[in-house]
Amino acid sequence: MAAPEHVPTKPNLDVRTYGSPPRRPDSWRADRPADFADDHRQPVGDLLGSPGPDQGYALRLARLLEPELHLTEGEHAKDALAGIVAIGLKRASVLGRAPVIHDLRIAATLFGFLDPSPAPELVELRHELFEEVSHFHHYMELRRLVDMVPPVVLRQTPAQVSQGYAAGWRDQLDLDAAHT
C-alpha cells in the first residue's frame, strides 16, 4: 500500500509512494465491444429490462414493505417481493431516477398485495404469475410479469394507481401479456 513520503520507514525497504496515473491525451470513446456507440442507445422492447441508477436500493426498500404485504395461502413473500421489486424498478427507470418506496408500493397495489381482501380472480392470477419468480430459472416469467404493467400506469401517482385499483384492477394491467 502506498504511503506518504513523510512516514518513517526502514531504510532498506522499497516503499511505493502515490503517483498519478498517466494522462490520457484523447477523450474517452465508446469503442469497447459492450459499449453502446454514440448513435445507439439501450435497446428497448419486451423482455429486455429497464436499466436505471442505484437499482440495488430497491432491495432495501422491499424489506421495509414486506411487513405490509397481505399474502394468501400458497404465496411466498420472496416471490411477491421479487415481482414487486422488478415492477418498481421499471417504474423508476421510466421516470429516469433511482427507486423510491412509492415505486414498490405502486407495484404492490397493482396486484392487491396491500389489500387485506383482494378479488379472488386477482389472487388466482397472482398465484399463477408470481409463483417461483424469485428463482433465477424463472427470469422469463418475471419479465412477462413486469411487461404486463403498461408505462402509462407506471407514470401515475400512487393516489391515481390506488383509485384505478379500486375502480377495477383489470384496467391497470395488460392481461394479454400474461398469456404470451
Side-chain angles (χ1 to χ4, degrees), residues 41-180:
R41 297 266 187 236
Q42 176 72 30
V44 179
D46 288 346
L47 304 177
L48 291 179
S50 305
D54 201 18
Q55 292 191 333
Y57 185 58
L59 299 174
R60 168 76 172 109
L61 297 173
R63 287 195 300 262
L64 298 175
L65 186 65
E66 186 175 4
E68 299 177 39
L69 299 181
H70 295 279
L71 302 172
T72 62
E73 187 175 332
E75 290 181 316
H76 303 281
K78 66 180 182 174
D79 294 327
L81 289 173
I84 289 168
V85 164
I87 294 165
L89 289 175
K90 180 179 178 181
R91 181 176 190 265
S93 70
V94 163
L95 298 175
R97 57 164 173 69
V100 296
I101 193 67
H102 300 297
D103 300 327
L104 277 62
R105 284 192 189 284
I106 283 175
T109 299
L110 288 170
F111 286 94
F113 285 112
L114 299 179
D115 185 352
S117 55
E121 301 86 26
L122 179 57
V123 172
E124 185 178 324
L125 181 66
R126 276 185 352 200
H127 278 272
E128 177 187 330
L129 295 175
F130 283 82
E131 184 177 24
E132 294 294 322
V133 295
S134 63
H135 195 275
F136 65 89
H137 282 141
H138 294 276
Y139 179 74
M140 295 304 287
E141 289 84 354
L142 181 63
R143 292 294 336 140
R144 281 191 196 95
L145 172 66
V146 171
D147 290 338
M148 284 180 62
V149 184
V152 68
V153 172
L154 294 174
R155 286 188 184 94
Q156 295 176 355
T157 66
Q160 290 171 324
V161 170
S162 294
Q163 291 170 353
Y165 173 78
W169 61 268
R170 286 181 182 85
D171 298 334
Q172 303 284 76
L173 304 172
D174 180 6
L175 295 177
D176 294 333
H179 303 292
T180 57

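What you see is a predicted model; the values in this text were computed from it and never measured.
The neighbour count for E75 CD, taken as heavy atoms of other residues, nucleotides or ligands under 6.0 Å away, is above 12. Residue H102 places its NE2 atom among 12 or fewer non-hydrogen atoms of other residues, nucleotides or ligands, all under 6.0 Å distant.
Residues A107 and G88 share a closest heavy-atom pair of CB-N, 4.0 Å. The two residues D54 and A98 have their closest heavy-atom pair at CB-CB, 3.9 Å. Scanning all heavy atoms of the two residues, the minimum distance from V146 to A86 falls at CG2-CB, 3.3 Å. Residue G112 comes nearest to R126 through the heavy atom pair O-NH1, 2.9 Å, listed as atom of the first residue, atom of the second, then distance. Considering all non-hydrogen atoms of both residues, T109 and V161 come closest at CG2-CG1, 4.0 Å. Closest approach of L69 and I84 over heavy atoms only: CD2-CD1, 3.9 Å.
The ring pair (Phe, Tyr, Trp, His ring centres under 6.0 Å) test with F111 singles out one residue from Y165, F130, W169, and that residue is F130.
To the nearest 0.5 angstrom, L145 atom CG is 4.0 Å from I87 atom CD1. With rounding to the nearest 0.5 Å, the separation of CG in L104 from CG in L114 is 10.0 Å. How far CZ of R155 is from CG of L95: 7.5 Å, rounded to the nearest 0.5 Å. Taking NE2 of H127 as the start and OG1 of T72 as the end, the distance is 3.0 Å to the nearest 0.5 Å. Note that the CD atom of E132 and the CG atom of D79 stand 5.5 Å from one another [nearest 0.5 Å]. With rounding to the nearest 0.5 angstrom, the CD atom of Q163 is 10.0 Å from the CD atom of Q172.
Looking at residues two or more places apart in sequence or on another chain, you find a salt bridge (Lys or Arg N to Asp or Glu O under 4.0 Å) between E68 and R105.
At least one side-chain heavy atom of V149 sits less than 4.5 Å from a side-chain heavy atom of L173. Counting heavy atoms from C-beta on, the side chains of D115 and L122 never come closer than 4.5 Å. With a 4.5 Å cut-off on side-chain heavy atoms, D147 and D174 do not count as touching.
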Under the criterion side chain to side chain contact (heavy atoms under 4.5 Å, CB included), I'd like the reasoning laid out for R91 against R97: C-alpha separation, chi angles, the key distance, then a yes or no.
CA-CA 9 Å; R91 181 176 190 265; R97 57 164 173 69; 3.2 Å; yes
Step by step, would you call E141 with L129 a side chain to side chain contact (heavy atoms under 4.5 Å, CB included)?
CA-CA 7 Å; E141 289 84 354; L129 295 175; over 6 Å; no
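Side chain of H135 to main chain of H137: a donor-acceptor pair is present (N/O by atom type, distance under 3.5 Å, no hydrogens or angles). For the pair K90 (side chain) and L154 (backbone), a donor-acceptor distance under 3.5 Å is absent. Within the 3.5 Å criterion, the main-chain N or O of L89 finds no donor-acceptor partner in the side chain of D103.
Within the structure, every pair that satisfies the salt bridge (Lys or Arg N to Asp or Glu O under 4.0 Å) test and touches residues 116-125, not counting sequence neighbours, is listed here: E121-R170.
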